[in-house]
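If you read the sequence from its start, that first residue is 1, and numbering goes on from there. Just so you know, these numbers use all the heavy atoms, side chains as well, and skip hydrogens, waters and symmetry mates.
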Amino acid sequence: QVTVEALEMLDAEATIQHVKDYTQFRKYGLLFTPGLVVNEKLVCAGRIPAPAEVITWLTTALAQTPAG
């Protein structure tokens with residue numbers, strides 16, 4: 001929910017997937033849930049991040065995404 005709210009605040013679009021497959025957790029090195037992966041990178045694990053943190057991670061990811 002925090003991620004959805006952060007995306008709305010940034011007026012950005014993204015694909016959000018709720019993953020429950022433990023093999024996917026291991027793919028990202030996630031040991032404790034919940035976890036947040038942005039652009040294939042684990043940015044938060046084992047806690048619910050503050051909205052400001054999610055906005056920072058999303059802003060960074062958006063800046064790294066090639067335009068086109």
Side-chain angles (χ1 to χ4, degrees):
Q1 184 62 35
V2 174
T3 303
V4 171
E5 292 171 8
L7 285 166
E8 289 172 356
M9 291 171 67
L10 292 170
D11 194 28
E13 293 182 20
T15 301
I16 297 176
Q17 296 178 329
H18 184 176
V19 177
K20 296 181 181 181
D21 181 1
Y22 289 104
T23 58
Q24 290 294 318
F25 294 176
R26 287 183 286 184
K27 175 181 174 184
Y28 297 104
L30 179 63
L31 301 177
F32 302 101
T33 61
L36 179 61
V37 175
V38 177
N39 288 349
E40 300 297 317
K41 179 183 174 189
L42 181 65
V43 294
C44 185
R47 64 184 179 88
I48 297 174
E53 290 177 291
V54 178
I55 288 170
T56 298
W57 297 323
L58 294 175
T59 302
T60 301
L62 289 168
Q64 295 172 352
T65 303

Are Tyr28 and Leu31 grouped together when hydrophobic residues (ILVMFWY) are joined by side-chain heavy atoms under 4.5 angstrom apart? no
To the closest 0.5 Å, what do you measure between CG (Leu58) and CG (Leu7)? 5.0 Å
For Gln64, the side-chain contact (heavy atoms from CB on, under 4.5 Å) test, sequence neighbours excluded, returns Thr60
Gln1 meets the side chain to side chain donor-acceptor pair (under 3.5 Å) criterion, sequence neighbours left out, with Glu5
Would you say Leu42 ends up clustered with Leu36 if hydrophobic residues are merged whenever their side chains have heavy atoms under 4.5 Å apart, either directly or through other cluster members? no
Once ring pair (Phe, Tyr, Trp, His ring centres under 6.0 Å) is applied, do any residues pair with Tyr22, and if so which ones, sequence neighbours excluded? Phe25
Under 3.5 Å, side-chain donor or acceptor atoms of residues 43-57 against the rest of the protein: list the pairs with distances, not counting sequence neighbours.
unit_1: Arg47; atom_1: NH1; unit_2: Glu53; atom_2: OE1; d: 3.0
unit_1: Arg47; atom_1: NH2; unit_2: Glu53; atom_2: OE2; d: 2.8
unit_1: Glu53; atom_1: OE1; unit_2: Ala50; atom_2: N; d: 2.8
unit_1: Thr56; atom_1: OG1; unit_2: Ala52; atom_2: O; d: 3.0

Acceptor/donor pairs from residues 11-21 side chains to any protein atom, 3.5 angstrom cut, sequence neighbours excluded:
unit_1: Asp21; atom_1: OD1; unit_2: Thr23; atom_2: N; d: 3.0
unit_1: Asp21; atom_1: OD1; unit_2: Thr23; atom_2: OG1; d: 2.7
unit_1: Asp21; atom_1: OD2; unit_2: Thr23; atom_2: OG1; d: 2.8

